[in-house]
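Written below as structure tokens is the structure these notes are about.
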2 protein chains.
Amino acid sequence: MTKPRVSELTASRLSLYLRFLNQLEDGETAMVSSRAMADSMGATSAQVRRDLASFGEFGVRGVGYEVKQLRAELERILGLDQTLHVVIIGAGNLGHALADYPGFGGGGLKVVALFDVDPDKVGNETRGGIPIYHLDDLESLAAGKVDVGIVSVPAEAAQGVVDCLVAAGIRAVLNFAPVRPRVPQGFRCKSVDLTLELESLSFFLSLQELTEGDDPPLAGAAAERSAG
Amino acid sequence: MTKPRVSELTASRLSLYLRFLNQLEDGETAMVSSRAMADSMGATSAQVRRDLASFGEFGVRGVGYEVKQLRAELERILGLDQTLHVVIIGAGNLGHALADYPGFGGGGLKVVALFDVDPDKVGNETRGGIPIYHLDDLESLAAGKVDVGIVSVPAEAAQGVVDCLVAAGIRAVLNFAPVRPRVPQGFRCKSVDLTLELESLSFFLSLQELTEGDDPPLAGAAAERSAG
DNA sequence: TAGATTGTTAATCGATTAACAATC
DNA sequence: TAGATTGTTAATCGATTAACAATC
């Protein structure tokens, strides 16, 4: 029916709009303008209107958007009106941290289980009471019941784990290992690459050093160490 | 001297090129072509050449790039030839997980301390032996000695913590709280927003449901639940 | 020379924004 | 009606890619 050819960037912004509306709801604001939404996150009002308009006509010309209604529309568009069931593969530090991450409670996301191959971990549960199963049981336990898999295993194991998730019919994967796993057509694997993020910051710091050069308002720590 | 007007996307790809070269080094490959690098990560060879060429002429026409040399150049460009000192604010689950994250050891990144405000945590150390100090001592302990701050505190506390980091002269911040903190000009705050990432996956799953409609090769879990 | 591959220019593509008619 | 704000078109901007002269 609708043909939503929408970029990943747009999708992220939709989440941010929703987040803004949720904060607003407390304050009992009835209507909101594209400008108000834009200002709250440093975008242009045209971008907000265009993002929203690609899914329908949610506003009233000359007036704005009704907060409650727009909130409901965004939740529907993002699929947050249904609770997503999440499994986490890898019950290490990161896996435990993610399992008990408070941010996941809201917004229709529920971590239902962790999986690992370490016999010492299997059979236990997280502090939050989420059970830890053996990876071998993923397919039988998860088939048809799980929407998202989170991969928090070492880089070497990541592709194998992703293959398991695919085999279990889990079409959306969030990967924390510093690799780009391959997934078949129709599946989605988004990588959150912490090493990459830090290297990107490192790059930013190098640029600063070069750019500042003559008149550093705040001397870089690394620069000071090598000079000192 | 050089005027590196380079997008964030380019910077990320530079890290991926370096990662590929590091894997290669094991195999004793002497030369590498832009095509080989591109294929390894699903990019075009033109993009690889353009990315590299914006920093200098590292290749030899008709031949390719010398692996060892290109690796050194990329490390220099990314600033990974210097060890970056990292502090983590927030010694919760996520903070501990990041502190002991093995991926950070390589590539010139070193977590030197955690900070928290919880008296039960301050004075202890992580399993990996990294000390936990009180946030009040950040400025005196860190000034001039720290390059990157990682924020792993609840959303409400994030802006305050970022302000502390800025006050301590730490110009690069990696934020894990689901907010967009403000930083002054010349500072950089990159946010890794786990809630946003999951909502983006949720959006992908909704799209799938709509798109497939008639002939689902693998029925969605959420769809099955609401149908069943 | 023939074959290969770079660095770079010009063309293409996609995303953002300015501007405005439509509408309350 | 006058003022405001949407939805959308056209212009702009930036990033990617195709193509090719330069070079080994």
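The structure presented is a predicted model; accordingly, all values stated were derived computationally and were not measured. The sequence lines fix the lettering, A, B, ..., with proteins before strands; numbering per chain opens at 1. The figures here come from the full heavy-atom set of this structure, side chains too, leaving out hydrogens, waters and symmetry mates.
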To the nearest Å, how far apart are B:R13 CZ and D:dG14 C1'? 12 Å
Protein-nucleotides 18-24 of chain C N/O pairs closer than 3.5 Å?
{"residue": "C:dA19", "atom": "N6", "partner": "A:R49", "partner atom": "NH2", "Å": "3.2"}
{"residue": "C:dA22", "atom": "O4'", "partner": "A:R61", "partner atom": "NH1", "Å": "3.4"}
{"residue": "C:dA22", "atom": "N3", "partner": "A:R61", "partner atom": "NH1", "Å": "3.4"}
{"residue": "C:dC24", "atom": "O4'", "partner": "A:R61", "partner atom": "O", "Å": "3.3"}

Can you tell me which nucleotide in C:dT8, D:dT6, D:dA15 comes closest to the side chain of A:Y65? D:dT6
Check every strand shown and say whether B:S7 touches a base, only sugar-phosphate, or nothing at a heavy-atom separation below 4.0 Å. sugar-phosphate
Give the minimum heavy-atom separation between B:T83 and B:K110, together with the two atoms involved. CG2-CB, 3.9 Å
Is the distance from OP1 or OP2 of C:dT6 to the nearest side-chain N or O of B:S34 less than 4.0 Å? yes
Closest non-hydrogen contact found for B:F203 with A:I77 is CD1-O, 3.3 Å
On DNA chain C, nearest-nucleotide positions of B:S33 versus A:L9: which is more 5'? B:S33
Is it the case that A:Y17 and A:D51 place a side-chain donor and acceptor less than 3.5 Å from each other? yes
Would you kindly say whether A:S12 and A:S15 are connected by a side-chain donor-acceptor distance under 3.5 Å? no
From CG of A:D51 across to P of C:dT17 the rounded distance in Å is 10 Å
Residue set satisfying side-chain contact (heavy atoms from CB on, under 4.5 Å) with A:A46, at least two apart, ordered chain then number -> A:T44, A:R49
Nucleotide C:dT6, atom C1' - distance to CZ of B:R35 in whole Å: 13 Å
If you only use heavy atoms from C-beta on, which nucleotide in D:dT6, C:dG7, C:dT16 is closest to the side chain of A:Q47? C:dT16
When the distance from CD of A:E8 to C1' of C:dT16 is rounded to whole Å, what number comes out? 17 Å
At their closest point, which heavy atom of B:S152 faces which heavy atom of B:G90, and how far apart are they? OG-O, 2.9 Å
Is A:E197 close to B:V192 at the side-chain level, that is, under 4.5 Å between some pair of heavy atoms? yes
Kindly give the heavy-atom pair with the smallest separation between B:A177 and B:V153, and that separation in Å. CB-O, 3.5 Å
Interatomic distance where CZ belongs to A:F55 and P belongs to D:dT6 [whole Å]: 18 Å
Write down the distance between CG (B:L52) and P (C:dT5), rounded to a whole number of angstrom. 16 Å
B:E73 CD to C:dG7 P, straight-line distance once rounded to whole Å: 11 Å
Roughly how far, to the nearest 0.5 Å, is the CG atom of A:L21 from the CD atom of A:E73? 11.5 Å
Nearest-Å distance, CG (B:D39) to C1' (D:dT17)? 15 Å
In which stems does DNA chain D show up, taking only runs of three or more Watson-Crick or G-U wobble pairs whose two distances fall under 3.5 Å? C:3-24 with D:3-24
